[in-house]
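Structure record follows, encoded as structure tokens.
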Amino acid sequence: MPLIPPSVDRLTRAFAKFPGIGAKTAQRLAFHCLKDIDTLPGELSEALIAVKGAIGHCRICGFIAEGESCEICSSPGRDHHILCVVEHPLDVLAIERSGEFHGVYHVLWGALSPIDGIGPEQLGIDRLTKRVMDDGITEVMLATDPDVEGETTAQFIAEALAARPGVRVSRLAYGLPVGADVEYADAVTVARAIAGRRDLSQ
Amino acid sequence: MHRNAPATVDTLLTELELVAFRNMNRLQLSIPRGITLITGANGQGKTNILEAVATIGLTKSPRSASLRESMKWDATYSRIRGVLDTGERGLDECIVEIDAREGMPRKRLLLNGESVAASALIGRLPTVLFTPDHLSLVSGGPEERRRFLDIVLTQLPGDGRNDLLRYSRSLLQRNHLLRAMRDGTSDGMELPAFTEMCIASAIAVMAHRQRVISELAGAFTDHLSAFTPDAEVTALCYAPCGRESGQFPTREQFLSEMHARLSRDVAAGSTSFGPHRDDLLLSIHSRPARSVASQGQRRSIVLALLLSSVDLLRNHTETPPLLLLDDVLSELDADRQERFLERLRAPATSQILITATDAADDLLRLARPDHHLTVRNGEVSSTDD
């Protein structure tokens with residue numbers, strides 16, 4: 001008989017799937033659940049199931065949403081002609097914290113990366129360019145991360161939009177430390193980056 | 001900026017502590033100013049000490065790419081800790097640790113207790129490592145010469161290291177895409193964007209390497225003249241993308257090279273043009289040193305290159321570099337040893353660590369070490385009075 005029962009092993013392996021959690025930490029988390037067997041597992045599983053049931057992707061921008069569309073896409077107070085393209089949902093939160101952006105978003109959920117088998121199709125770049133046309137977007141601000149994959153993605157989108165008249169394409173640039181991710185930037189840095197965005201449309 | 005200009009600060013590595021590194025269980029060592037000689041039979045751990053010091057300077061091992069390899073074979077956690085005395089700015093504690101307690105080995109860098117990026121550590125302790133492998137710099141392949149250049153470049157202030165990383169990452173992604181195109185799993189829509197990224201970072205990398213080579217060339221002739229009468233006719237120049245003409249490809253030329261080679265590159269699954277094919281050309285009377293230089297001339301060229309890199313780091317990093325001579329002096333004749341060491345002494349460097357299998361009389365007479373340590377079975381003892 002194995003030392004660790006299969007149910008506990010299964011929980012451990014589930015925890016190990018989280019970023020930054022290795023085998024030992026996963027085991028510690030699993031055993032912590034057992035210590036508090038009457039309340040914690042119930043709370044945790046209910047919260048997880050609630051998220052799974054309630055949360056989906058916004059039909060318009062891909063951000064997380066409870067329902068058809070997210071808060072931002074359904075807000076009449078936003079400028080629906082200015083679009084900010086980001087890699088991850090947490091980037092939306094970082095840019096919102098700056099208070100400098102009043103347009104709407106498009107979340108790619110990743111960046112072009114042949115190593116990981118992610119191409120334009122997986123990112124839905126066609127959907128993005130179609131949205132730009134259909135929704136009468138006048139400015140696209142590319143806020144992908146300033147690493148090789150993020151820059152290449154920005155370059156690719158800029159080229160895909162180059163043929164569309166009346167769309168200004170800019171790149172979030174100044175102020176972001178090289179090698180950093182948008183989601184970790186502080187509000188001031190992001191504000192400066194938005195102020196210093198550069199044009200990619202010519 | 002001439003050779004003997006005083007550096008503004010003098011950074012010394014005063015303390016070195018190793019935990020489960022290579023064959024060392026635990027080692028604590030204080031390293032004074034001047035020349036320290038480390039002797040011991042082969043396989044006792046002399047080289048490991050120098051490797052650890054270089055790892056503090058470069059944040060990675062100059063020897064192996066794999067993290068696991070530098071850990072003691074039965075360990076799950078290993079650490080290199082160095083204390084840098086930066087003079088008026090006080091002490092800096094630098095730690096490179098490898099943690100495999102959670103499965104996959106992970107590297108972490110700490111500066112004064114805070115977790116930091118590699119860029120925050122690199123350049124604090126400029127380091128030049130000289131091993132017997134360097135003796136084939138002239139006769140060996142271009143890869144070894146690129147590595148020599150890049151180790152210098154990486155430690156200089158500015159974007160050099162970052163641009164090198166960007167280029168290698170862009171190239172890696174582009175090569176993966178070429179293979180996906182060959183295997184029919186991608187239509188290559190995004191290839192132009194990756195090609196653009198490669199070219200932009202390639203141009204930056206070539207500019208950095210050009211700058212390093214032209215600065216090395218400035219000091220090279222003078223250093224070489226200490227070893228050979230052919231110094232004036234020996235030249236050092238850059239072959240960007242392997243072009244022996246020395247001609248830099250413009251952006252447009254680069255792009256057309258990439259286009260012209262596309263079908264071949266797709267078939268091979270790798271990019272055949274770019275600074276990953278760079279070379280550092282060494283010539284005597286305009287003929288390749290690789291084929292015309294004698295064994296003695298080749299060694300002289302290597303010594304002059306290393307001395308030039310010491311000057312370059314010293315001129316750009318505010319502190320003389322720490323020099324690591326790994327079992328290499330015995331490969332040189334007494335005359336070369338003497339002239340080489342003469343040019344390396346303070347103020348060119350303020351700390352030199354020399355390893356040798358034994359403290360031969362010749363070595364003691366020429367190197368005049370200030371301190372002498374012996375290593376046995378991964379343990380160090382001092383033989384100073």
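So you know, we letter chains A, B, ... as the sequences are listed, proteins then strands, and number each from 1.
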- In terms of heavy-atom pairs under 4.5 Å with chain A, the winner among B:Arg101, B:His176, B:Arg106 is B:His176
- Query: Take atom NZ in B:Lys60; do more than 12 heavy atoms of anything else shown fall under 6.0 Å from it?
  - Reply: no
- Task: Examine whether an atom of B:Glu196 lies under 4.5 Å from a heavy atom of chain A, and if so say whether it belongs to the side chain, the backbone or both; otherwise answer neither.
- Result: side chain
- Stepwise salt bridge (Lys or Arg N to Asp or Glu O under 4.0 Å) check, B:Arg146 with B:Asp150: CA-CA 6 Å; B:Arg146 283 194 299 271; B:Asp150 290 347; over 6 Å; no
- Can you measure from CD1 (A:Ile157) to NE2 (A:His106) and round to the nearest 0.5 angstrom? 7.5 Å
Quiz: residues 46-62 of chain A side-chain donor-acceptor pairs under 3.5 angstrom, not counting sequence neighbours:
unit_1: A:Arg59; atom_1: NE; unit_2: A:Glu68; atom_2: OE1; d: 3.1

- Query: To the nearest 0.5 Å, how far apart are OG in B:Ser170 and CD in A:Glu151?
  - Reply: 9.5 Å
- Assess whether atom CD of A:Gln122 is packed by more than 12 heavy atoms of other residues, nucleotides or ligands within 6.0 Å. yes
- Salt bridge check: are A:Glu139 and A:Arg168 linked by an N-O gap of less than 4.0 Å? yes
- Task: Considering only NZ, NE, NH1 and NH2 on the basic side and carboxylate oxygens on the acidic side, decide whether B:Glu93 and B:Arg79 come within less than 4.0 Å.
- Result: no
- Note on the structure: Applying a strict 4.5 Å limit to non-hydrogen atoms, the region of A:Ile118 in contact with chain B is backbone
- Charged N-O contact under 4.0 Å between B:Glu257 and B:Arg243: yes
- Side chain, backbone, both or neither: which part of B:Met197 has a heavy atom under 4.5 Å from chain A? side chain
- Which atoms of B:Ser186 approach chain A - backbone, side chain, both or neither, heavy atom under 4.5 Å: neither
- Among residues 8-23 of chain A, which ones touch chain B with a heavy-atom distance under 4.5 Å? A:Gly20, A:Ile21, A:Gly22, A:Ala23
- Message: Does any backbone or side-chain atom of A:Glu121 lie under 4.5 Å from a heavy atom of chain B? Answer side chain, backbone, both or neither.
- Response: neither
